[in-house]
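These values consider heavy atoms only, across backbone and side chains, with no hydrogens, waters or symmetry-generated copies. Counting begins at 1 with the first residue of the sequence.
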Amino acid sequence: MKPEIIFTVDLEDWFTDGRHITMNSWNDYELRLESIVHRLLELLALYRCTGTFFTLGWIARKRPRLIRLIYEMGHEIASHGYAHELVYMLSPSQFRQDIKTSKEVLEDIIGARIRGYRAPCFSITDWGLQILEEEGFYYDSSIVPSTYHDMYSRLYTSVEHPLFPISMQLWELSMPALGIGRAKLPWGGGGFFRLYPYSIYQYGIQAWLSSGKPFVFYIHPYDLDPGQPRQAHLSGYHYTRRYYGLQRAEHKLAKLLKQFKGRSIVECYPFLQHREQPKRVTL
């Protein structure tokens, strides 16, 4: 039997990061993610895997049939906010409106409750977690216990176990950060999946799983799109992080799904579909 990982997708397109191209000009750019997501769904079906798709509300409004298809194929739909704005750059009221709008859009499309949230660039704050609970979310997956990224929140830079309660009604499922010497390197995926050689990356997964912790993998559609337009204004560091390894990424992903069994968050932890705390949880 293959070892299991939690498979997640941050469903956004190449221009929707909100930092370099603002949302008021998004309509001027080509949406490229649809064909990529179809290929991704085929890969997941081939290896009988499921995933959690943290979906940008703006994308959902543009491609509602795609979101409905993902859901009908047995995958979980969760929120990635509406406009991909960094949480710590918003006021509490702006953040509340962003997640409410996203939640309403997604629930209207799939006809089911949205339970999970992931902050753009893992930028969650302590007051953001409180608002998530108030707005009816059951879990968050926005914390990376590492400081090796210029955009990530510095909230919970050290956690004992990836899955832990924030409150009586909200859980956190944090991302993996692998300890190498004194460093704690992000290991969940995205650009790091493209940057690390596959042999080293999968070894890190195996080491993480051997410690008894759930491994949460994530990827963006643009990580699988070598033909995407290049943003020339990026710094050398950000340009490399954004575009390195695009040609090999889909092949690496197929190897990952062949080696590891991908499952969605609520499939791994069914109790996250309910607000109340379980009496006993197997972590």
Side-chain angles (χ1 to χ4, degrees), residues 6 8-13 16-18 23 26 31 33 37 50-143 153 155 165-175 216 218 220-221 264-277:
I6 298 173
T8 70
V9 180
D10 288 1
L11 196 59
E12 55 190 85
D13 218 321
T16 58
D17 64 17
M23 194 180 74
W26 284 359
L31 270 173
L33 87 169
V37 171
T50 60
T52 296
F53 286 69
F54 289 99
T55 304
L56 206 62
W58 187 88
I59 292 291
R61 273 191 168 158
K62 292 293 182 179
R63 294 293 185 271
R65 286 187 294 181
L66 178 64
I67 308 310
R68 196 173 299 114
L69 172 65
I70 295 168
Y71 180 72
E72 290 173 350
M73 290 184 70
H75 304 290
E76 179 189 8
I77 300 295
S79 172
H80 198 35
Y82 186 82
H84 208 278
E85 296 180 288
L86 301 177
V87 178
Y88 50 67
M89 298 297 290
L90 298 174
S91 69
S93 61
Q94 288 172 326
F95 175 65
R96 188 185 298 273
Q97 186 58 54
D98 180 86
I99 61 172
K100 285 182 69 171
T101 303
S102 170
K103 194 170 187 288
E104 290 168 1
V105 168
L106 295 172
E107 289 181 343
D108 183 61
I109 290 171
I110 68 171
R113 186 185 296 274
I114 298 299
R115 298 172 173 87
Y117 173 79
R118 175 173 289 160
C121 297
F122 303 100
S123 59
I124 197 62
T125 63
D126 51 359
W127 54 260
L129 291 171
Q130 181 179 343
I131 291 173
L132 286 175
E133 179 181 353
E134 293 169 358
E135 292 301 325
F137 288 88
Y138 298 0
Y139 73 86
D140 173 72
S141 184
S142 305
I143 289 172
S153 168
L155 192 65
I166 295 291
S167 67
M168 289 299 294
Q169 295 185 317
L170 184 72
W171 283 76
E172 176 64 36
L173 179 60
S174 65
M175 307 300 294
V216 184
Y218 79 100
H220 310 90
S264 70
I265 291 174
V266 294
E267 186 180 4
C268 289
Y269 299 109
F271 74 86
L272 292 178
Q273 300 180 73
H274 310 287
R275 287 286 293 201
E276 60 275 4
Q277 289 268 15

Check your understanding: Would you call R96-E134 a salt bridge at under 4.0 Å N-O?
Key -> yes
Review point. Strictly under 6.0 Å, is that where the ring centroids of Y269 and W171 end up?
Key: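 So the answer is no for these two rings.
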Review point. Under the side-chain contact (heavy atoms from CB on, under 4.5 Å) criterion, do L11 and I70 qualify, and how do the steps go?
Key: CA-CA 11 Å; L11 196 59; I70 295 168; 3.9 Å; yes
Shortest non-hydrogen contact between [X] and [Y], atoms and distance:
| X | Y | result |
| --- | --- | --- |
| E172 | S142 | OE2-N, 3.1 Å |
| V87 | W127 | O-CH2, 3.5 Å |
| A78 | Y139 | CB-OH, 4.1 Å |
| M23 | A83 | SD-CB, 3.4 Å |

Exercise for review: Given side chain to side chain donor-acceptor pair (under 3.5 Å), test Y138 with R113 step by step and report yes or no.
Suggested key: CA-CA 10 Å; Y138 298 0; R113 186 185 296 274; 3.2 Å; yes
Return the [atom1] to [atom2] distance between [X] and [Y], rounded to the nearest 0.5 Å.
| X | Y | atom1 | atom2 | answer |
| --- | --- | --- | --- | --- |
| H220 | T8 | NE2 | OG1 | 9.0 Å |
| E135 | L170 | CD | CG | 12.0 Å |
| E76 | Q273 | CD | CD | 7.5 Å |
| L272 | D140 | CG | CG | 11.0 Å |
| L66 | R68 | CG | CZ | 10.5 Å |
| L31 | R63 | CG | CZ | 4.5 Å |

So do the side chains of [X] and [Y] get within less than 4.5 Å of each other, counting heavy atoms only?
| X | Y | value |
| --- | --- | --- |
| L132 | I166 | no |
| L173 | I6 | yes |
| H84 | W58 | no |

Review point. Should we count CE of M73 as having more than 12 external heavy atoms under 6.0 Å?
Key: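 Yes.
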Could you check whether any side-chain N or O of [X] sits under 3.5 Å from a backbone N or O of [Y], counting only pairs where one atom can act as donor and the other as acceptor?
| X | Y | value |
| --- | --- | --- |
| D10 | Y218 | no |
| T50 | S264 | yes |
| E85 | L90 | no |
| H75 | G51 | yes |
| E12 | P221 | no |
| S123 | C121 | no |

Review point. Does any donor atom in the side chain of S93 or Q97 lie under 3.5 Å from an acceptor atom in the other side chain?
Key: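 No donor-acceptor contact under 3.5 Å links the two side chains.
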Exercise for review: Assess whether side-chain contact (heavy atoms from CB on, under 4.5 Å) is satisfied between Y117 and I124, documenting all intermediate values.
Suggested key: CA-CA 10 Å; Y117 173 79; I124 197 62; 4.1 Å; yes
Review item, side-chain donor-acceptor pairs of residues 102-110, under 3.5 Å, at least two apart:
residue, atom, partner, partner atom, Å
S102, OG, S79, OG, 2.9
S102, OG, G81, O, 3.2
K103, NZ, E107, OE2, 2.8
E107, OE2, I114, N, 2.9

